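Computation of the quantities below employed the complete heavy-atom set of this structure, encompassing side-chain atoms and omitting hydrogens, waters and symmetry-equivalent molecules. Keep in mind that what you see is a predicted model, and the values were worked out from it rather than measured.
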Amino acid sequence: MKKITIALVMFISAMSFAQGNAELKAHYEAYYKQMKNQGDVQGVINAMTHLDILTPSQARRDTLAYLYVSEGKYVQALNTIGIEKNASASDLNVEVKAISFKNLNDIKRALEQYNVLFDRSPNPSLAYEIADLMMQNNEDAGAKDKIEYGLKNVTDDMKRAFYETQRPYETSLKAALIYLKALNLFKENQATNLDAALKLVNDALAIDPNFNMAKRTREALEAKKAQPKN
C-alpha cells in the first residue's frame with residue numbers, strides 16, 4: 001500500500017510539473033510573439049532564452065545567438081552556441097561564429113568558420129571576407145587567390161557594407177574587391193607596386209566615386225608617391 005501511495009504521489013507530481021511547463025511555454029510563446037510585434041529585440045531574446053530552457057532546441061539557440069550578433073553582443077552569442085568548429089552545424093551557427101570571432105579580433109577562429117561557409121557555398125562576398133582576414137593575418141598569397149576568385153564571379157549588383165565612418169554605407173562588391181587587390185599588391189612590394197596599386201584604387205573609384213576607404217587610400221598612395229626619393 002505504501003509503495004502504491006508513493007507511486008501515485010510521484011505520478012501526480014510529474015503531471016503537475018508537465019502542466020506547469022506547458023503553461024510556462026504557452027506564456028513565453030505569447031510573450032515572444034508580443035515582443036516580436038513590438039520590435040523589442042531584447043524582449044525576443046529573453047523569451048527565446050526561457051523557451052530554450054523549457055524545450056531545448058539547437059535551432060532556437062542558433063537563432064538566439066544570431067539575435068545577440070544583431071545587437072553587437074558577440075561574447076553572448078558565442079556563449080550561447082559555443083566556439084567549437086562543428087562540421088554538422090547549421091549555416092546560421094557557423095555564420096554567427098564567424099561574425100563574432102571577426103568582431104572580437106580572433107582572426108584565426110574567424111577564418112576557420114568563414115572557410116567552412118566558403119567550402120559549403122563559395123561566393124564573392126565570402127571570398128572578400130576571407131581575403132580581408134587573410135591579409136590581416138599576413139596570409140597574402142591565400143588572400144590573392146580569394147580576391148581573384150571573387151573578381152571572376154562577382155556581378156555588378158552585388159554590394160558590400162563598410163562601417164569605418166559614423167554613418168555605414170554600401171559600395172559595389174566589385175569595387176571593394178578591386179580595392180582589396182590594390183592593397184594586396186601594395187603590401188607585396190611597396191616600392192615597385194605603388195603605381196599599379198594606385199591604378200587599381202582609381203579603377204575601384206571609377207565604379208563608385210563615393211567609396212570612402214578607397215578615397216582615403218588614394219590620398220595616402222598619392223602622398224607617398226609625391227615624397228622625394230632619396
field: Worked check of side-chain contact (heavy atoms from CB on, under 4.5 Å) between K159 and L173
entry: CA-CA 5 Å; K159 302 291 183 182; L173 179 58; 5.8 Å; no

* Report the C-alpha separation of Y179 and T217 in whole Å, then their side-chain angles, then the decisive distance to 0.1 Å, and conclude whether the side chain to side chain donor-acceptor pair (under 3.5 Å) test is met. => CA-CA 9 Å; Y179 166 75; T217 300; 2.9 Å; yes

For A175 and A204, the nearest pair of non-hydrogen atoms, with its separation, is O-CB, 3.4 Å

Is a donor on one side and an acceptor on the other found under 3.5 Å between the side chain of R61 and the backbone of N93? no

**Report entry** Between E188 and N184: side-chain donor-acceptor atoms closer than 3.5 Å
**Finding:** no

- Min side-chain heavy-atom separation K102-I99 under 4.5 Å: no

Just wondering, do L177 and V154 contact through their side chains at under 4.5 Å, heavy atoms?
yes

Value for CG (L117) from CD1 (I130), rounded to nearest 0.5 Å, stands at 8.0 Å

Under the criterion ring pair (Phe, Tyr, Trp, His ring centres under 6.0 Å), I'd like the reasoning laid out for F118 against Y149: C-alpha separation, chi angles, the key distance, then a yes or no.
CA-CA 11 Å; F118 190 85; Y149 169 89; 5.2 Å; yes

**Prompt:** Do N193 and K187 meet the criterion of a side-chain donor-acceptor pair at a distance under 3.5 Å?
**Reply:** no

Do Q76 and V69 have side chains that approach each other closer than 4.5 Å (heavy atoms only, starting at C-beta)? no

Check this for me: Y169, atom OH, are more than 12 non-hydrogen atoms of other residues, nucleotides or ligands nearer than 6.0 Å? yes

Next item on the list: Mark yes or no for whether D203, through its side chain, and I178, through its backbone, hold a donor-acceptor pair below 3.5 Å.
Entry: no

Check your understanding: Is it true that V41 and M48 fall in one hydrophobic cluster, defined by side-chain heavy atoms closer than 4.5 Å?
Key -> yes

With sequence neighbours left out, the residues meeting side chain to side chain donor-acceptor pair (under 3.5 Å) with K174 are none

### Query
Any side-chain heavy atom of L194 within less than 4.5 Å of one from Q190?
no

Rounding to 0.5 Å, atoms CZ (R60) and CG (L54) come to a distance of 8.5 Å

CE of M213 to CZ of R216, rounded to nearest 0.5 Å, is 6.5 Å

Heavy-atom closest pair (I83 atom, Q113 atom, distance to 0.1 Å) is O-NE2, 4.2 Å

Rounding to 0.5 Å, atoms OG1 (T63) and CG (L51) come to a distance of 11.5 Å

- Query: Heavy atoms, side chains only, cut-off 4.5 Å: are K108 and F101 in contact?
  - Reply: no

- prompt: Tell me, do V94 and N86 make a side-chain contact under 4.5 Å, heavy atoms counted?
  reply: no

Using side-chain heavy atoms (C-beta onward) and a distance below 4.5 Å, is V96 in contact with S100?
yes

Taking atom NZ of K144 as the centre, report whether more than 12 heavy atoms of other residues, nucleotides or ligands fall under 6.0 Å from it.
no

Heavy-atom nearest pair, S172 first then D208, reads N-OD2, 4.2 Å

_On the six-membered ring of Y74, is K97 placed so that its NZ or CZ lies under 6.0 angstrom from the centre and within 45° of the ring axis?_
no

Smallest heavy-atom separation, A77 atom then A65 atom, equals CB-O, 3.5 Å

Between N210 and T171, does a side-chain contact (heavy atoms from CB on, under 4.5 Å) hold up when you go through it step by step?
CA-CA 8 Å; N210 296 315; T171 191; over 6 Å; no

Step by step, would you call N189 with T192 a side chain to side chain donor-acceptor pair (under 3.5 Å)? CA-CA 6 Å; N189 193 317; T192 61; 3.2 Å; yes

To the nearest 0.5 Å, atom CG of L183 lies from atom CG of L200 at 9.5 Å

- Can you check whether K181 reaches E148 side chain to side chain, under 4.5 Å on heavy atoms? yes

Assess the residue pair F186 and K224 against the criterion (side-chain contact (heavy atoms from CB on, under 4.5 Å)); give the C-alpha distance rounded to whole Å, side-chain angles, the decisive distance to 0.1 Å, and a yes or no. CA-CA 12 Å; F186 183 66; K224 187 171 182 63; 3.7 Å; yes

| Do F211 and Y128 share a hydrophobic cluster, counting only Ile, Leu, Val, Met, Phe, Trp and Tyr and linking them when any side-chain heavy atoms are less than 4.5 Å apart? | yes

Are L78 and L133 connected in a single hydrophobic cluster, I mean Ile/Leu/Val/Met/Phe/Trp/Tyr linked by side-chain heavy atoms less than 4.5 Å apart? yes

Handout entry: Derivation of the side chain to side chain donor-acceptor pair (under 3.5 Å) call for E139 and N137
Key = CA-CA 6 Å; E139 300 176 41; N137 208 37; 2.6 Å; yes

### Within one Ile-Leu-Val-Met-Phe-Trp-Tyr cluster: V116 and L104, side-chain cutoff 4.5 Å
yes

Note to self: Please evaluate residues Q42 and N46 with respect to the criterion side chain to side chain donor-acceptor pair (under 3.5 Å), reporting the C-alpha separation (whole Å), side-chain torsions for both, the decisive distance (0.1 Å), and the verdict.
What the structure shows: CA-CA 6 Å; Q42 188 57 54; N46 293 341; 3.1 Å; yes

**OP:** Could you tell me whether the side chain of N202 and the main chain of L198 form a donor-acceptor pair under 3.5 Å?
**Re:** yes

When every non-hydrogen atom of L185 is compared with those of A197, the smallest separation belongs to CD2-N, 4.0 Å

Applied to residues 116-127, the side-chain hydrogen bond (donor to acceptor under 3.5 Å, both in side chains) test, sequence neighbours excluded, yields D91-R120

- Residues M134, D140; criterion side-chain contact (heavy atoms from CB on, under 4.5 Å); working and verdict: CA-CA 6 Å; M134 287 182 119; D140 298 328; over 6 Å; no

Rounded to the nearest 0.5 Å, the CG atom of D106 sits from the CG atom of L111 at a distance of 9.5 Å

Contacts of R160 meeting salt bridge (charged side-chain N to carboxylate O under 4.0 Å, His left out) (sequence neighbours excluded), chain-then-number -> E129

Closest non-hydrogen atoms of P124 and G150, given as atom of the first, atom of the second and distance, are CB-O, 3.9 Å

